K.L.:
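Before I ask anything, let me first share the structure, which is written out below as structure tokens.
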There are 2 protein chains.
Amino acid sequence: MSKHLKQRFRERGYRLTRQREAILEVLATTGEHLTAEEVHQRVQSICPELNLATVYRNLNLLAEQKIIGKVDFGDGRSRFEARSEHHHHLYCLKCGRVVDLFFCPVHLYESIFQTYRFRVTAHQFEAYGYCMGCELLNGKVGKP
Amino acid sequence: MSKHLKQRFRERGYRLTRQREAILEVLATTGEHLTAEEVHQRVQSICPELNLATVYRNLNLLAEQKIIGKVDFGDGRSRFEARSEHHHHLYCLKCGRVVDLFFCPVHLYESIFQTYRFRVTAHQFEAYGYCMGCELLNGKVGKP
DNA sequence: ATAGGTGCAAAACCTTTGCATCCGT
DNA sequence: ACGGATGCAAAGGTTTTGCACCTAT
């Protein structure tokens, strides 16, 4: 784990536990967007006794601290990713593959936000569909 | 309820029940974005015995049929709205006020979707922040 | 030493489902 | 009358919480 991150933890009064290091390790190693359950599974090899509740507590903490990202693909569970720079997603509804999109449309809404007198602090854009592999498997005609 | 809607139900082999009419009535009367629980509460005055499970079944059915809209503001429950034309949202994190946004950025992503060979079938854009009223109540300095 | 962190189990929440009964067509 | 729809209760899945014990600093 990077010195920078360790320092960031200490500065804010959080401890650097085996559990937290293991969770960050798992997320940093894979580039994937994992559910808490998936993180819990994969973390077993590094830190076998790590409890699912602890995984949840730490994923939420890390996301609040903007050390990791939290995404919602609308399937009823959150996913977490190591990448923390702002971006959007393209999500395959069949295989779950995710593409990160770095174009952000939010600036186009600035005048609209002003019109409605909102101070906007966050936003999300996610696109859903089928990647080419799944499209071919599906057959090309008449599928949703 | 409009003749058009009634016909649409029959054509597809769905029945027009008191419960369904009451749910549509509630959503059409308010312009708000209601959770299933909220729909259930408000529907009591029209149809007191209507069960929450039935509310869920019908909200999902109506959303699948694109008669109503289903939105997710990331707080762990879905909301439903009478307006079914495609649009986006501005959501106040404090009071829950919602503004509908009719500018859609998805066309700006077309070439990106092609690059990744995705056929995109749906997308969402939601902005979160504080409306002017809540902003004033919060105080203007240093709040998230 | 001490305050924060963890494990465990239980609860909270939202949502879905099985089944007997009901009712729209 | 038929098959879809409803009510009720129970279960499902994800996430949070209370509390005693543990551990990083």
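In the text below, chain A, chain B and the rest are named by the order of the sequence lines, each starting its count at 1. Everything numeric in this text was worked out from a predicted model, so none of it was measured.
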K.L.:
Quick one: do the B:Arg12 and B:Gln65 side chains pair a donor with an acceptor below 3.5 Å?
P.N.:
yes
K.L.:
Using a heavy-atom cut-off of 4.0 Å across all strands, would you classify A:Arg57 as base, sugar-phosphate, or nothing?
P.N.:
base
K.L.:
To the nearest 0.5 Å, what is the distance between CG on A:Leu59 and CZ on A:Phe80?
P.N.:
4.5 Å
K.L.:
Quick check on D:dA5: is either OP1 or OP2 less than 4.0 Å from any side-chain nitrogen or oxygen of B:Thr17?
P.N.:
no
K.L.:
With rounding to the nearest 0.5 Å, note down the distance linking CD in B:Glu38 to CD in B:Glu32.
P.N.:
7.5 Å
K.L.:
Quick one: A:Arg18 CZ to D:dC22 P, roughly how many Å, whole number?
P.N.:
13 Å
K.L.:
Measure the spacing between CG of B:Leu27 and CD1 of B:Ile67 and express it to the nearest 0.5 Å.
P.N.:
11.5 Å
K.L.:
Separation of A:Asn51 atom CG from D:dT16 atom P, in whole Å?
P.N.:
14 Å
K.L.:
Going 5' to 3' along DNA chain C, which nucleotides are the first and last within contact of chain B (any atom under 4.0 Å from a heavy atom)?
P.N.:
C:dC14 to C:dT25
K.L.:
Between A:Tyr56 and D:dT15, does any side-chain N or O lie under 4.0 Å from OP1 or OP2?
P.N.:
yes
K.L.:
From C-beta outward on A:Arg15, which listed nucleotide comes closest to its side chain: D:dA5, D:dT16, D:dT23?
P.N.:
D:dT23
K.L.:
Has the side chain of A:Arg117 got a donor or acceptor atom that lies under 3.5 Å from a matching backbone atom of A:Gln114?
P.N.:
yes
K.L.:
Between atom CG in A:Leu52 and atom C1' in D:dG13, what is the gap in whole Å?
P.N.:
12 Å
K.L.:
Between B:His88 and B:His86, what is the ring plane arrangement, given parallel below 30°, perpendicular above 60°, and tilted in between?
P.N.:
perpendicular
K.L.:
What class does the angle between the rings of B:His89 and B:Phe73 fall in, given that below 30° is parallel, 30 to 60° is tilted and above 60° is perpendicular?
P.N.:
perpendicular
K.L.:
Output the rounded distance in Å from CD (B:Gln19) to P (D:dA5).
P.N.:
11 Å
K.L.:
Using atom CG of B:Asn60 as one end and atom C1' of D:dG4 as the other, report the distance to the nearest whole Å.
P.N.:
17 Å
K.L.:
When the ring planes of A:His123 and B:Phe125 are compared, do they come out parallel, tilted or perpendicular, using 30° and 60° as the limits?
P.N.:
tilted
K.L.:
Determine the contact category for A:Glu37: base if any of its heavy atoms lies under 4.0 Å from a base atom, sugar-phosphate if only primed atoms, P, OP1 or OP2 are that close, otherwise nothing.
P.N.:
nothing
K.L.:
May I ask you to list the residues of residues 69-83 of chain B, by number, that have any heavy atom positioned under 4.0 Å from an atom of DNA chain C?
P.N.:
B:Gly76, B:Arg77, B:Ser78
K.L.:
Could you tell me the separation between the CD atom of A:Gln7 and the P atom of D:dT25, rounded to a whole number of Å?
P.N.:
13 Å
K.L.:
CD/B:Glu64 to NZ/B:Lys70 distance, rounded to the nearest 0.5 angstrom?
P.N.:
7.5 Å
